[in-house]
Enquirer: 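First the structure, then my questions, so here it is.
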Amino acid sequence: QLQACGGGLVQAGGSLRLACQTSGVIFSRHSMGWFRQVPGALREWVAKIRQDGTTEYADFVAGRFTISRDNAKNTVYLHLNSLKPEDTFVYYCNKFPPLWEWGQGTLVTVSS
């Protein structure tokens, strides 16, 4: 199971920390990713973190977001900084590539 949280309403330029806790899997064995989606559109990849902690980001992140993981807590995080209105999405986590059933996302709304 995947349970994301930490979203909310924030002004442009603000920050949020998203968290996603997993259960029922051996978390440390998997690369993890964050994805985002607006209703009616395709889900897009945001960031991923491998088992060894190395990371990759989509080009639009441009140094503003940081993905991290805590294997002891079975949790992956996404720190969102310098948020823009165009970052308004529902954010989800999943294994990377996303082969698990999608869980509940968390809504991030950025006001201008």
Enquirer: Locate the shortest heavy-atom distance separating E86 from R36; write the atom from each residue and the value.
Expert: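 Minimum heavy-atom contact is O-NH2, 4.1 Å.
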Enquirer: First locate atom CE of M32, then atom OG of S68, and finally report the distance between them rounded to the nearest 0.5 Å.
Expert: 12.0 Å
Enquirer: Run the numbers on Q37 and E44 for side-chain contact (heavy atoms from CB on, under 4.5 Å), then give the verdict.
Expert: CA-CA 6 Å; Q37 185 181 32; E44 63 181 11; over 6 Å; no
Enquirer: Do F65 and D87 have side-chain heavy atoms sitting under 4.5 Å apart?
Expert: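 Heavy-atom side-chain distance check passes, below 4.5 Å.
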Enquirer: Do L2 and L107 belong together in a cluster built from hydrophobic side chains that touch within less than 4.5 Å?
Expert: no
Enquirer: Determine whether V108 and L16 satisfy the following criterion, side-chain contact (heavy atoms from CB on, under 4.5 Å), listing intermediate values before the conclusion.
Expert: CA-CA 9 Å; V108 172; L16 287 171; 3.8 Å; yes
Enquirer: What I want to check is whether the side chains of Q3 and Q21 have a donor and an acceptor closer together than 3.5 Å.
Expert: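 Note: Q3 and Q21 side chains miss the donor-acceptor criterion.
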Enquirer: Does any non-hydrogen side-chain atom of F60 lie less than 4.5 Å from one of V46?
Expert: yes
Enquirer: Which is it for S15 and N81 under the side-chain hydrogen bond (donor to acceptor under 3.5 Å, both in side chains) test, yes or no, and what are the steps along the way?
Expert: CA-CA 4 Å; S15 299; N81 298 308; 2.9 Å; yes
Enquirer: Working to the nearest 0.5 Å, report the span between NE2 of H30 and CZ of R69.
Expert: 9.0 Å
Enquirer: To the nearest 0.5 Å, what is the distance between OG on S31 and CG on D52?
Expert: 7.5 Å
Enquirer: Please state whether the rings of F96 and W45 are parallel, tilted or perpendicular, taking 30° and 60° as the class boundaries.
Expert: tilted
Enquirer: Hey, mind stepping through Q1 and T22 against side-chain hydrogen bond (donor to acceptor under 3.5 Å, both in side chains) and telling me if it holds?
Expert: CA-CA 5 Å; Q1 288 187 341; T22 67; over 6 Å; no
Enquirer: Could you tell me whether the side chain of R43 and the main chain of Y92 form a donor-acceptor pair under 3.5 Å?
Expert: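 Not a single qualifying donor-acceptor pair exists.
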Enquirer: Given L80, which of V61, V10, L18 fulfils the side-chain contact (heavy atoms from CB on, under 4.5 Å) condition?
Expert: L18
Enquirer: Are Y91 and F35 packed together at the side-chain level, in the sense that at least one heavy-atom pair is separated by less than 4.5 angstrom?
Expert: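 Not touching, per the 4.5 Å side-chain cut-off.
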Enquirer: Is T88 reaching over with its side chain to a backbone N or O of T109, donor-acceptor style, under 3.5 angstrom?
Expert: no
Enquirer: Verify, without hydrogens or angle tests, whether R64 (side chain) and S82 (backbone) share a donor-acceptor contact under 3.5 angstrom.
Expert: yes
Enquirer: Do the side chains of I67 and V76 get nearer than 4.5 Å, heavy atoms only?
Expert: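 SC-SC contact between V76 and I67 confirmed.
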Enquirer: For the hydrophobic clusters of this structure (ILVMFWY residues joined by side-chain heavy atoms under 4.5 Å, transitively), does one cluster hold both L78 and W100?
Expert: yes
Enquirer: Using atom types as modelled and distance alone, determine if a side-chain donor or acceptor of S112 lies under 3.5 Å from a backbone N or O of P85.
Expert: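 No; zero donor-acceptor contacts below 3.5 Å.
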Enquirer: If you count heavy atoms of other groups shown closer than 6.0 angstrom to CD1 of I26, is the number above 12?
Expert: no
Enquirer: I'd like to know whether C20 forms a disulfide (SG to SG under 2.5 Å) with C5, so could you lay out the CA-CA distance, the side-chain angles of the two residues, the decisive distance to 0.1 Å, and finally the verdict.
Expert: CA-CA 6 Å; C20 180; C5 63; over 6 Å; no
Enquirer: Using a 4.5 Å cut-off on heavy atoms from C-beta on, say whether the side chain of S28 contacts that of Q51.
Expert: no
Enquirer: Could you go through the side-chain contact (heavy atoms from CB on, under 4.5 Å) check for W34 and I49 one step at a time?
Expert: CA-CA 9 Å; W34 281 95; I49 183 165; over 6 Å; no
Enquirer: When the ring planes of Y77 and H79 are compared, do they come out parallel, tilted or perpendicular, using 30° and 60° as the limits?
Expert: tilted
